[in-house]
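Contents: one structure, followed by commentary.
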Protein chains: 2
Amino acid sequence: MLIDGPVGSTKYTGEGKRQITSLFVTGEIPDLQGLYLSVMDCTFSTLTPSRVGFMRHDTLRAICEQHPSIATAFWQSTLIDGAIYSEWVTNVGRREAFTRMAHILCELIYRLRAVGRIEDHVAEIPITKAALGDALGLSTVHVNRMLQELRRKGLIATSGPRVHALNWASSRPRRGFREGLPAWAVTEVLRGKTFL
Amino acid sequence: MLIDGPVGSTKYTGEGKRQITSLFVTGEIPDLQGLYLSVMDCTFSTLTPSRVGFMRHDTLRAICEQHPSIATAFWQSTLIDGAIYSEWVTNVGRREAFTRMAHILCELIYRLRAVGRIEDHVAEIPITKAALGDALGLSTVHVNRMLQELRRKGLIATSGPRVHALNWASSRPRRGFREGLPAWAVTEVLRGKTFL
DNA sequence: CGTCTCCTTGAGTTAACTCAACGTACGTGG
DNA sequence: CCACGTACGTTGAGTTAACTCAAGGAGACG
């Protein structure tokens, strides 16, 4: 379980290219899959110096057996991860770079908000451009240019790892963020949290 | 549950582009997610005239409560779906069109094999090029060209919906392919570039 | 104060796209 | 049985989004 800092699950293609297939933020449990899958097919790596907690799989399995309702909760959590995956596929497969970038920022901001890590629409996202590129299927250079475009269009402001989503509420319907809405709005509903 | 024919779960971006985020073949259960997720965030659509069976969610939930081991099996099944998702993200995000195409064919062939739907390495894959494009994040035109290239390089032969993987058997033993693994283990094969 | 990692910018290249036209198979209704 | 419509597949030509390469900053750190 993540106590602090983002973690990504990564894979490599035969050609040695890296893909980050999912991100986890503070408070989330990355490897719930491993509970009932014998083979691990990806690597988890911290994207910045982080604090993580470990839980023994056999202990968790014992808990699941004794308390079916907890098992169901864990199951549901992995189902949500699946829903996020499917949105991620859509993002990488069919959105162009600019919207794709906006989308992942929306998702991260939303999820950080859900764990109370956001103040005044400012999120700490200590992820390098290179890692963002690997998450989005883009080159570092292009990630950089898309972020510039987001700034230029007045959608975000940044200082270091801090990302400020400008006009979050109002720009959502009108601007680039709109395309991102369905995804994390769904995620929102799934997690049972209140949006905005 | 699918009795016959492929089904895809699809999503649309704000610009109206379609992405098929996952495919299911005969014998698989597409909407296991729906069991414990209240909101459905994608559409399931048959990609060819198919036969499907329906199971009531409340019935399944009752079964899960009475038989925890079945619940665990279902959970594991959704975890495998998750693993396939993550491979799909990698495929769409970081592989180029040719390899991407080869990869999805491998996955389909592997999964069809797992349900006994393959004879002599010939698989029935009745999916239009347009749908393949939506699954891979490619245009119809490019899908067509990549298939031609696969044929030209002697990797596949086709006739109608039938796809014959030409060097499947010979390359399999060398690359650590293991019979009887769950479907997502196709990753193993592909990471070793078995097919190519 | 050099080294390292990350970020930025410019310039040229290319993989994949779009558009548009034509081919082919199949079913349907006259 | 044929004309027609529809859906899918194929091909060529021109375009573009994103990539690669290369080189120069900017901050962190021993």
Side-chain angles (χ1 to χ4, degrees), chain A residues 5-6 8 13 15-20 45-50 91-105 124-153 156-163 176 179, chain B residues 5-6 8 13 15-20 45-50 91-105 124-153 156-163:
Chain A
T13 68
E15 290 87 13
K17 299 209 170 179
R18 183 169 80 144
Q19 175 72 45
I20 296 178
S45 47
T46 57
L47 303 176
T48 199
S50 306
N91 199 30
V92 172
R94 281 299 188 210
R95 270 189 266 262
E96 32 190 66
F98 179 76
T99 328
R100 208 185 293 180
M101 186 77 233
H103 186 277
I104 205 175
L105 287 181
E124 290 264 343
I125 305 184
I127 304 179
T128 65
K129 320 274 179 198
L132 275 176
D134 287 335
L136 294 167
L138 296 173
S139 68
T140 307
V141 171
H142 210 54
V143 164
N144 185 28
R145 290 182 171 133
M146 290 305 104
L147 283 172
Q148 286 174 12
E149 198 174 329
L150 281 166
R151 276 193 292 263
R152 188 154 39 76
K153 292 192 174 172
I156 60 169
T158 58
S159 73
R162 241 164 256 112
V163 176
E179 287 74 14
Chain B
T13 68
E15 290 89 10
K17 300 209 169 178
R18 182 169 79 144
Q19 174 72 44
I20 296 179
S45 46
T46 57
L47 303 176
T48 199
S50 307
N91 200 29
V92 172
R94 280 298 188 211
R95 270 189 266 260
E96 34 189 65
F98 180 76
T99 327
R100 209 185 293 180
M101 186 76 233
H103 186 276
I104 205 174
L105 287 180
E124 291 265 341
I125 305 184
I127 304 179
T128 65
K129 321 273 177 196
L132 274 177
D134 287 336
L136 294 166
L138 295 173
S139 67
T140 306
V141 172
H142 210 54
V143 164
N144 185 25
R145 290 184 171 134
M146 291 305 104
L147 283 172
Q148 286 175 13
E149 199 174 330
L150 281 165
R151 276 192 292 265
R152 187 154 40 75
K153 293 193 173 171
I156 60 169
T158 59
S159 73
R162 241 164 258 111
V163 176

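Being a predicted model, the structure only gives us computed values, none of them experimental. Convention: sequence-line order gives letters A, B, ...; per-chain numbering from 1.
- Contact of the B/Leu132 side chain with the B/Ile125 side chain is not registered, since no non-hydrogen atoms from C-beta on lie closer than 4.5 Å.
- By the 4.0 Å N-to-carboxylate-O rule, A/Lys153 lies close enough to A/Glu149 to be salt-bridged with it.
- Residues A/Asn91 and A/Leu136 have side chains in contact (heavy-atom distance under 4.5 Å, counting atoms from C-beta outward).
- Whole-Å rounding puts the B/Leu150 CG to D/dT10 P distance at 13 Å.
- The structure places CD of A/Glu15 at 5.0 Å from OG1 of B/Thr99, a figure rounded to the nearest 0.5 Å.
- Annotation: the span from B/Gln148 atom CD to B/Ile156 atom CD1 amounts to 10.5 Å, rounded to 0.5 Å.
- You'll find the side chain of B/Lys129 reaches within 4.5 Å of the side chain of B/Leu147, heavy atoms only.
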Footprint string (nucleotides 17-24 of chain D, 5' to 3'): B base within contact, S backbone only, - free, heavy atoms under 4.0 Å = -SSBB---
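- Between A/Leu47 and A/Ile20, some side-chain heavy-atom pair lies under the 4.5 Å cut-off.
- Contact annotation: A/Gln148 side-chain N/O to C/dC7 OP1/OP2 distance is not under 4.0 Å.
- For D/dT10, the OP1/OP2 oxygens have a side-chain nitrogen or oxygen of B/Asn144 closer than 4.0 Å.
- An end-to-end axis angle of 30° holds for the helix from C/dC1-D/dG30 to C/dG30-D/dC1, taken from five base pairs per end and rounded to 10°.
- As a whole-Å value, the separation of A/Leu132 CG from C/dT5 C1' is 16 Å.
- Under the 4.5 Å side-chain criterion, counting only non-hydrogen atoms from C-beta, B/Arg18 is not in contact with A/Arg94.
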